[in-house]
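Heads up: the structure comes next, in structure tokens.
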Amino acid sequence: AMLRLRFLTWDVKDTLLRLRRPVGESYAAEAQAHGIQVQPEALTRSFREAYGAQSRLFPNYGQGRGLSSQQWWVDVVKQTFRLSGVHEEGVITLMAENLYHDFCSAGNWEVLPEASETLSQCCQHGFCMGVVSNFDNRLEKILSQCNLRHHFEFVLTSEETGFAKPDRRIFQKALCLGGVPPEQAAHVGDDYTRDYRAARAVGMHGFLLRAAGQSAEPEVPPEHVLPTLSHLLTLIEK
């Protein structure tokens, strides 16, 4: 049976866009510009630790805790450098602010293969589309810089809505904006819990983008799995 879909929502990171290089490489290049040598691998490890700790302390970019997302990120970057053995606070602050702004630009992000083409085809097929992403408020600018923003009616971030996936309220807000019942909508993303299962919990359809070699979640039927984005229209039109 053909799915009667009118509306598609999209995750962004690792679904439509990915970082051009590991975080540690970007941080190491910034450090080098200030005459500081740090190994990229050490910075990547430190970043994971700092990001994890900050996410536990202040979920969703410190929403409702008096932090701006910019301050949230600047603190993560500063802590990343400290954990990697850099201790000149003045330089750390400068590097953190530079990096926060760098990650707004297309220079650090690349569009995944087939993303632009798939989004264009979906628009041509008459689908209305929106973004549902656990991202901070830089996302609009990043999508514009990567030439993807025009495909979407709206961009919903966890920072703006105050709810992060898998919270059902961010999907309910998207359905509200799309003006469609959940059974006429599908969400596309790469994370089983935050994208696939969360969308299905509100009654939407779900498609899970799964890179080759990723372990299979047994509960996902093959007709919901996208080995690449170009499989989406084939599956929808079955």
Side-chain angles (χ1 to χ4, degrees), residues 3 5-19 47-65 67 69 72-73 76 112 115 119 122 127-140 142-143 148 152-211 214-227 229 231-232 235-236:
L3 296 177
L5 294 178
R6 293 167 50 200
F7 184 59
L8 298 174
T9 60
W10 292 80
D11 170 54
V12 174
K13 188 171 184 291
D14 299 324
T15 299
L16 297 173
L17 296 178
R18 64 184 168 206
L19 289 174
F47 172 79
R48 287 203 187 108
E49 190 182 325
Y51 178 89
Q54 184 82 323
S55 300
R56 286 187 295 276
L57 272 174
F58 301 108
N60 195 16
Y61 311 109
Q63 274 296 290
R65 304 286 296 276
L67 271 181
S69 58
W72 191 95
W73 275 113
V76 168
L112 265 91
L119 291 171
C122 289
F127 291 109
C128 178
M129 300 197 294
V131 162
V132 177
S133 173
N134 287 358
F135 219 101
D136 62 78
N137 58 17
R138 289 175 293 181
L139 188 56
E140 288 263 5
I142 292 167
L143 288 169
L148 296 180
F152 304 108
E153 304 284 313
F154 61 81
V155 173
L156 272 190
T157 62
S158 58
E159 179 180 11
E160 184 205 346
T161 56
F163 310 115
K165 300 180 297 187
D167 190 309
R168 62 173 49 227
R169 287 170 291 185
I170 194 169
F171 289 100
Q172 286 164 338
K173 174 108 191 261
L175 290 167
C176 214
L177 289 173
V180 293
E183 61 274 11
Q184 293 180 8
H187 180 67
V188 185
D190 70 306
D191 188 283
Y192 171 71
T193 305
R194 289 191 287 262
D195 291 312
Y196 181 77
R197 219 175 67 191
R200 289 175 60 81
V202 299
M204 293 171 71
H205 297 271
F207 293 104
L208 184 64
L209 181 65
R210 185 185 285 144
Q214 263 186 322
S215 62
E217 273 83 10
E219 305 94 302
V220 185
E223 64 271 20
H224 297 171
V225 174
L226 305 175
L229 285 179
H231 287 71
L232 179 64
L235 290 179
I236 288 177

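Throughout, residue positions are numbered sequentially from 1 according to the sequence presented.
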Review point. Atom CD of Glu159 and atom CG of Asn134: how far apart are they, to the nearest 0.5 Å?
Key: 11.5 Å
Review point. Roughly how far apart are Phe127 CZ and Leu119 CG, rounded to 0.5 Å?
Key: 12.0 Å
Point to revise | Counterpart residues, side-chain contact (heavy atoms from CB on, under 4.5 Å), relative to Ala174 (two or more places apart) | key: Thr9, Val132, Phe154, Leu156
Exercise for review: Decide yes or no on side chain to side chain contact (heavy atoms under 4.5 Å, CB included) for Ile142 and Val12, but give the supporting numbers first.
Suggested key: CA-CA 10 Å; Ile142 292 167; Val12 174; over 6 Å; no
Review point. What residues form a side chain to side chain donor-acceptor pair (under 3.5 Å) with Arg168, not counting sequence neighbours?
Key: none
Exercise for review: Grab the two heavy atoms, one from Pro59 and one from Arg65, that are nearest each other, plus how far apart they are.
Suggested key: CD-NH1, 4.3 Å
Check your understanding: Does some side-chain heavy atom of Leu17 sit less than 4.5 Å from a side-chain heavy atom of Leu143?
Key -> yes
Point to revise | The single option from Trp72, Phe135, Tyr51 passing ring-ring contact (aromatic ring centres under 6.0 Å, His included) against Tyr61 | key: Trp72
Check your understanding: Are the side chains of Glu219 and Tyr192 in touch, meaning some heavy atoms are under 4.5 Å apart?
Key -> yes
Check your understanding: Where do Cys122 and Leu232 come nearest, in terms of heavy atoms and distance?
Key -> SG-CD2, 4.0 Å
Study note, to complete from the structure: Closest non-hydrogen atoms of Phe171 and Met204, given as atom of the first, atom of the second and distance, are CD2-SD, 3.9 Å
Practice item. State which residues pass side-chain contact (heavy atoms from CB on, under 4.5 Å) with Arg169; sequence neighbours excluded, sorted by chain then number. Key: Phe163, Asp167, Gln172
Study note, to complete from the structure: When rounded to the nearest 0.5 Å, the distance separating CD1 of Ile170 from CG of Leu175 is 11.5 Å
Exercise for review: Please say whether more than 12 non-hydrogen atoms of neighbouring residues, nucleotides or ligands are located less than 6.0 Å from CZ in Arg194.
Suggested key: no
Check your understanding: Which atoms form the tightest heavy-atom contact between Ala164 and Ser158, and what is the distance?
Key -> CA-CB, 3.6 Å
Check your understanding: Does the side chain of Leu208 come within less than 4.5 Å of His224's, by heavy atoms?
Key -> no
Practice item. Using a strict cut-off of less than 4.0 Å between a Lys/Arg side-chain nitrogen and an Asp/Glu carboxylate oxygen, indicate whether Asp11 and Lys165 qualify as a salt bridge. Key: yes
Check your understanding: What is the distance from atom NZ of Lys13 to atom CG of Leu19, rounded to the nearest 0.5 Å?
Key -> 5.0 Å
Study note, to complete from the structure: When rounded to the nearest 0.5 Å, the distance separating NE2 of His205 from NE2 of His187 is 14.0 Å
Revision key, fill the gap. What one should report as the nearest heavy-atom pair of Tyr196 and Gly206 is CE1-O, 3.4 Å
Revision key, fill the gap. Correct closest heavy-atom pair for Val225 and Pro227 would be O-CD, 3.5 Å
Check your understanding: Can you tell me how far the CD atom of Gln63 sits from the CD atom of Glu160, to the nearest 0.5 Å?
Key -> 9.5 Å
Exercise for review: Would you indicate whether the side-chain heavy atoms of Thr15 and Leu112 approach each other to under 4.5 Å?
Suggested key: no
